Every structure is written in C-alpha cells, then in structure tokens.
Amino acid sequence: MAIANPRHAPYGRAAVAALAASGLTAAVTPKLVTGENVAQAMQMAQSGAADAALVSLSLTHAPGVASAGQIYVVPAALHPPIEQGGVVLRRAADPSAAAAFAEYLRSASARGIFARHGFDPPRPDRHPSTMDWTALALSLRLAAVTTVILLALSLPLAWWLATTRWRWRHVVDALVAMPMLLPPTVLGYYLLIALGPRSPIGALLLRLTGESLPFTFPGLVVGSVLYSLPFAVQPMRASFARVDRELLEAAWCLGASRARTFVRVVLPLSRAGVVAAAVLTFVHTLGEFGVVLMLGGNLPGRTRTVSVAIYDQVQSLDYAAANRTAGVLVALSFALLALTYHAQREGAFRWPTT
C-alpha cells in the first residue's frame, strides 16, 4: 500500500491516522511504501508497483487518470481534517479583483466545481472564529475520568509514601515526580512506543481487545493518568504527613482497624489536600497538550482536545478562534481554582466523622 510521506505530507499523516483509527496499523505497516508526495503514491498504484494507495480524492478525478480498481472514500472522522485556505494581499495589483475572486470561491457555482474535482467545497456556514465545543467537551470528559482514576490510585499510594519506612522509598518518590520534570512530548513518545501494536504490551492489548491504545480515548486516559500522577499524589501525601501520629495510635487502641482509622481519622483531617489533588489533577489534565498530541493524535470528536484545537487554530492563523478558545480554558481553570481556595478558606469541605 502506497501513501505519501507522513513526515511532511498532510495526506500521508491523514493516511497514518486513518489506519490507526481503523485498527489496521499492525497489519498494514509491513506492507507500506511511501512516496515523496501524494501524487507519487498515486503513480505507484497506477503502475502496479503497489496494490493500493491512500491518496486524495481529487487525484482520482484528475484528467488522464485511469482507475484500475475500486475507489473507497475514507470517512472523514478517521483522520484529522485537511484544511486549505487562502489570503488576499492588501498590496495586490488589483485588491478588488482578488477580493471578488475570494468571494466567488464561496459561491454556488464554485462549490459545484470543487465537488466535481473531488474537493469538499468551502463551508460558508462555518465562521472562522467558532469555538470548538466538541473539543472542550472531550477535554472535560478526559479530565473527569482521569481525576476519578487518579483519586482511587493515589489515595493508597500517597498514604504509603507518607508512612512507610522502606529503605528505597526515594526510588518510588522519584518515579512519581518524573512526569513533572520530563517534557510532555518525551513521555508521550515513550507511551506511544510502549503501547503501540509492535510492543509486547501493545500486542497483548491488541489480542485481548482487538484494538490498540494509541489514537483512542482510552489511550488518552492512560497518558493523562501517568502525566498527572504527581499532581494527585503530592498534595495528598503532604496532608497525610501532617496528621498527628498520636491520633492514629489512639484510634488503634480503641479497636479501630487501620482501614477504619484511615477513613474516619486520616481523610477528614486531610480533606484540604484531597480536594486540592482533585482540582489540580482536573485542571492540569484539561490543559495538557504534549502527551495527548503524541499519544492521541488529532482525531475530531475522538482525541482532539481543546489544547490541540488551539494549536490548530494558531497554525491556520485563526487567531480570533484561538483567543476565544484559550480564553474559555483560562477562565474555566481560574474559576475552579478560585472556587476551591475560597471553599477551603471558608471550611466548606466537610468529611463524615461519625
């Protein structure tokens, strides 16, 4: 199968994403050949050097192209959108003619020309500054799932780190803190390799579930859990360490089990740290970019988070949309943090102690 070189060709990147989203990466990768561009990939298929090619639909409409086989249109949901744009230069020889031509490209007659040649027509109903609510909803969902999972995992881990006397505890401390120091893209890269279908873990998951984790929402959850781990563990660990040891010993002397003591004594006294861990985890996951881009790619409605949407808007020079999306993210994060600090100061967080 021939594809354009994904290192620099947009259609090549779209082909790789479509194969991954379809669960075909492991089966097709050994048979992939790459052309320098999408036209060369098409030539490989036309000449018979390749059995198939993932190319632009417009190439199949080009004059002189002999369709030797069946054409299948890849669903747009399987790959990031391939958007093309144009600008009208202010210092053009005839600015009014250039503006008129840009306006003509949005007309009904131009839309028909686009369609006949295999291109999606411009969408006049899509304002360039539209907020990507789908990406925001996906980010909120990812942050919520990550927070719930990390609270369940971090409570026992933070308590163990705060109370253990194990000689090599510092090794676990270092592993937990590592995501705070590593660049997100480094962690995302290693997760992409470790969870890919060619790795032992990825191959096992593929056999058990029939799907690989990269470029999926569960893959984003795994990456977010690992990257946000220190933001959940460290606030709780600090709160647990401040609990008076004499209170724990008194509870044990009165016959309370260690589990009951933890629930009835430790957690109520450490509620501020637990709440801080939950909020920090949620906000940190909400704005994460490097890990989710490396591990999840950019599939609209599936792995495209709000931070990736902002990156795409800036890349397409749509600064108005980027400002709006970033403003919503900043406002939401600030509101959550301010509300949490206010509630803690007023003592609004209570824990059942009876």
Side-chain angles (χ1 to χ4, degrees), residues 1-87 101-102 104-107 109-123 126 189 192-193 196-198 202 206 211-212 214-216 293-304 308 311-312 315-317:
M1 176 175 286
I3 64 172
N5 192 332
R7 292 185 177 182
H8 55 255
Y11 283 101
R13 290 193 292 271
V16 171
L19 291 173
S22 304
L24 299 174
T25 300
V28 176
T29 296
K31 303 176 182 180
L32 282 181
V33 292
T34 58
E36 284 303 303
N37 49 53
V38 70
Q40 191 176 48
M42 183 69 173
Q43 291 168 2
M44 292 178 180
Q46 279 190 289
S47 65
D51 298 311
L54 284 173
V55 298
S56 63
L57 182 61
S58 60
L59 278 181
T60 66
H61 290 63
V65 174
S67 299
Q70 184 68 41
I71 297 174
Y72 298 94
V73 179
V74 177
L78 296 181
H79 62 83
I82 302 175
E83 297 185 349
Q84 304 182 48
V87 297
F101 178 70
Y104 169 75
L105 293 178
R106 304 185 185 94
S107 66
S109 58
R111 291 168 65 89
I113 296 174
F114 278 119
R116 288 197 301 272
H117 291 273
F119 290 96
D120 288 334
R123 292 171 288 180
R126 180 186 176 190
Y189 168 73
L192 183 63
I193 298 300
R198 292 186 177 183
L206 190 61
E211 296 183 359
S212 59
F215 310 112
T216 64
L293 183 63
M294 291 292 292
L295 190 58
N298 185 6
L299 301 179
R302 299 181 60 178
T303 63
R304 187 183 186 185
V308 177
Y311 175 79
D312 283 346
Q315 290 294 102
S316 62
L317 304 181

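Being a predicted model, the structure only gives us computed values, none of them experimental.
In this structure a side-chain-to-backbone donor-acceptor pair under 3.5 Å is present from Thr25 to Ala20.
For the pair Leu57 and Gly118, the tightest heavy-atom approach, listed with the atom from each and the gap, is CB-O, 3.8 Å. Contact between Ala4 and Ala41 at its shortest, heavy atoms only, is N-CB, 3.9 Å. Closest non-hydrogen pair, Arg302 versus Ala21, comes out as NH1-CB, 3.6 Å. The heavy-atom pair separating Met44 from Ala2 by the smallest distance is SD-CB, 3.8 Å.
Between Gln46 atom CD and Leu59 atom CG the span is 8.5 Å, to the nearest 0.5 Å. Between the OH atom of Tyr189 and the CG atom of Leu295 there is a distance of 13.5 Å, given to the nearest 0.5 Å. Here CG of Asn37 is found 12.5 Å from CD1 of Ile3. Values are rounded to the nearest 0.5 Å. Here Arg111 contributes atom CZ and Asp120 contributes atom CG; the two are 9.5 Å apart, rounded to the nearest 0.5 Å. Atoms CZ and CZ, from Phe101 and Arg106 in turn, are 11.0 Å apart once rounded to the nearest 0.5 Å. To the nearest 0.5 Å, atoms CG (Leu192) and CZ (Phe215) are separated by 5.5 Å.
Scored by the side chain to side chain donor-acceptor pair (under 3.5 Å) test, Asp312 finds Asn298, Arg304 as partners (sequence neighbours excluded). Under the rule for a ring pair (Phe, Tyr, Trp, His ring centres under 6.0 Å), Phe114 has no partner lying at least two apart in sequence or in another chain.
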Practice item. I would like to know whether His8 and Glu36 meet side-chain contact (heavy atoms from CB on, under 4.5 Å); could you show each step before the answer? Key: CA-CA 9 Å; His8 55 255; Glu36 284 303 303; 3.6 Å; yes
Exercise for review: Any chance you could lay out the side-chain contact (heavy atoms from CB on, under 4.5 Å) test for Ser56 and Phe119, step after step, and finish with the verdict?
Suggested key: CA-CA 9 Å; Ser56 63; Phe119 290 96; over 6 Å; no
Review point. Given the rule in the side-chain contact (heavy atoms from CB on, under 4.5 Å) test, do Arg13 and Ile82 qualify, once you have shown the distances and angles that lead to the verdict?
Key: CA-CA 10 Å; Arg13 290 193 292 271; Ile82 302 175; over 6 Å; no
